[in-house]
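The structure appears right after this line, and notes come after that.
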Amino acid sequence: MNQIRTHLTSIRDRIEAACARAGRSPGQVRLVAVAKTKPAAMVEAAFAAGQQIIGESYVQELVTKAGQVKAPVEWHFLGHLQTNKVKFLPGIVHMIHAVDRPSLALEINRQWQGRDVPIDVLIQVDLAGEETKFGVREQELQTLVREVGELPSLRIRGLMTLPPFFPDPEDVRPYFIRLRELAQDMAALNLPNVDMKELSMGMSHDFEVAVEEGATLVRVGTAIFGERESW
Ligand SMILES: *Cc1c(COP(=O)(O)O)cnc(C)c1O
């Protein structure tokens, strides 16, 4: 458990150094500690070490853990979201990172209707065009952003991507640059209810490159909590 604190300190230092290299302020980058497959006690330990935002990728696991964790963490849902599971998330999550299709956005809108605050969402972009990956293709991004922007119970905050894995994180840099460019393109449309301030990109293995390219939310799991059992 003590290791979690050490890891968090080291990651925050590395984010700060990456910010310095890029001439950015560290206050522009928020760390999402990805706790999937890890127990509630580890989330409590991370919170005790100053970590506020916790990311989860499986609905059932999130619901269970959110019931166990007493600390007032801010839960972010990161993973692929099945439409029929959206109903479990209101009252728990602060942000949904991976909205990638109209049917999902409509269901989120439906489930958040009547709540005081709209739910912050990011649009997931599939930059590699891989058949197996989730996310909207670049060519369809603008259409999706326009559609989601019209839903009153969602607030688009920016874009998210999950690039293919490359052993050398430098090879991921073009994807991060592309996501930033797409966010600039979308921001230039000046759509009501659409804000493009957040770029959710970078994981354990490549978050420094992501920060250099403008990430505002980095999603780091393994480097904080250790290797996951394969599920
Ligand atoms: C698991 C996961 C992460 C964290 O990955 P690590 O390599 O463990 O840092 C980030 N984003 C998403 C969407 C994930 O599912």
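Starting from 1, each residue takes its place in the sequence as its number.
Side-chain atoms of R5 come within 3.5 Å of backbone N or O of A48 as a donor-acceptor pair. With hydrogens and angles disregarded, a donor-acceptor distance shorter than 3.5 Å links the side chain of R24 to the backbone of V211. D206 contributes no side-chain N or O that, together with a main-chain N or O of V209, makes up a donor-acceptor pair within less than 3.5 Å. Counting only distance, with no hydrogens or angles, the side chain of N193 and the backbone of G149 share a donor-acceptor pair below 3.5 Å. Between the S204 side chain and the A223 main chain, a donor and an acceptor come within less than 3.5 Å of each other. Remark: the backbone N or O of S25 is paired with a side-chain donor or acceptor of Q28 at under 3.5 angstrom. A donor-acceptor contact shorter than 3.5 Å links the side chain of E44 to the backbone of K70. The main-chain N or O of E213 is found under 3.5 Å from a side-chain atom of R180 such that the two form a donor-acceptor pair.
Interatomic distance, M201 CE to T161 OG1, rounded to the nearest 0.5 Å: 9.0 Å. In this structure, the separation between CG on L104 and CG on N109 is 11.0 Å, given to the nearest 0.5 Å. Distance check: L62 CG to K85 NZ gives 11.5 Å after rounding to the nearest 0.5 Å. Distance CD1/I224 to CD1/I54: 7.5 Å, rounded to 0.5 Å. To the nearest 0.5 Å, the span separating CG on D126 from CG on D100 amounts to 9.0 Å. Taken from CD1 in I119 to CG in L89, the straight-line distance is 8.0 Å, to the nearest 0.5 Å.
Connection of V99 to V194 is established within a shared hydrophobic cluster, with ILVMFWY side chains joined at heavy-atom distances below 4.5 Å, either directly or through further cluster members. One hydrophobic cluster, built from ILVMFWY side chains closer than 4.5 Å, holds both L182 and V148. Hydrophobic cluster membership is shared by L151 and I156, with clusters built from Ile, Leu, Val, Met, Phe, Trp and Tyr side chains linked at under 4.5 angstrom.
Considering only heavy atoms from C-beta on, L81 comes within 4.5 Å of F77 through its side chain. For the pair V121/R157, no side-chain contact is recorded, criterion being any heavy-atom separation below 4.5 Å from C-beta on. Annotation: side chain of F207 is not in contact with side chain of P169 (no heavy-atom distance under 4.5 Å). Side-chain atoms of K38 and V43, non-hydrogen and from C-beta on, never get closer than 4.5 Å to each other. C19 is listed as a side-chain neighbour of I15, based on a closest heavy-atom distance under 4.5 Å. The shortest side-chain heavy-atom distance between V32 and V218 does not fall under the 4.5 Å cut-off. Counting only heavy atoms from C-beta outward, the side chains of R173 and I177 approach each other to under 4.5 Å. Considering only heavy atoms from C-beta on, E74 stays 4.5 Å or farther from M95 through its side chain.
Between T216 and E198, the side chains place a donor N or O and an acceptor N or O closer than 3.5 Å (distance only, hydrogens not considered). In summary, the side chains of K65 and Q68 do not present any donor paired with an acceptor at a separation below 3.5 Å, with no hydrogens or angles considered. Using a 3.5 Å distance cut-off with no hydrogens or angles, the side chains of R101 and T83 do pair a donor with an acceptor.
Nearest heavy atom pair, residue S57 against residue L78, reads OG-CB, 4.0 Å. Residue M203 comes nearest to V220 through the heavy atom pair C-CG2, 4.3 Å, listed as atom of the first residue, atom of the second, then distance. When all heavy atoms are compared, the tightest approach of E212 to A22 is O-CB, 3.7 Å. The two atoms that bring P118 and P152 nearest to each other are CB-O, 4.0 Å, heavy atoms only. In plain terms, the two heavy atoms of Q111 and P90 that are nearest each other are O-CG, 3.7 Å. Contact between A98 and G79 at its shortest, heavy atoms only, is CB-O, 3.6 Å.
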query = Would H205 and F165 satisfy ring pair (Phe, Tyr, Trp, His ring centres under 6.0 Å), going step by step from the backbone distance to the final call?
reply = CA-CA 9 Å; H205 153 82; F165 179 85; 4.6 Å; yes

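The pair R137-E140 fails the salt-bridge criterion, with no side-chain N (NZ, NE, NH1 or NH2) lying under 4.0 Å from an Asp/Glu carboxylate O. Salt bridge status for E61 with K36: absent, with no side-chain N to carboxylate O gap under 4.0 Å.
Residues meeting the salt bridge (Lys or Arg N to Asp or Glu O under 4.0 Å) test with R12, sequence neighbours left out: none. Evaluation of the salt bridge (Lys or Arg N to Asp or Glu O under 4.0 Å) rule for E16 yields no partner, not counting sequence neighbours.
None of L122, L199, V29 except one satisfies the side-chain contact (heavy atoms from CB on, under 4.5 Å) rule with L217; the exception is L122.
Residue pairs meeting the ring pair (Phe, Tyr, Trp, His ring centres under 6.0 Å) criterion with at least one member in residues 82-104, sequence neighbours excluded: H76-H97.
Checked against the 6.0 Å centroid threshold, H7 and F225 do not count as a close aromatic pair.
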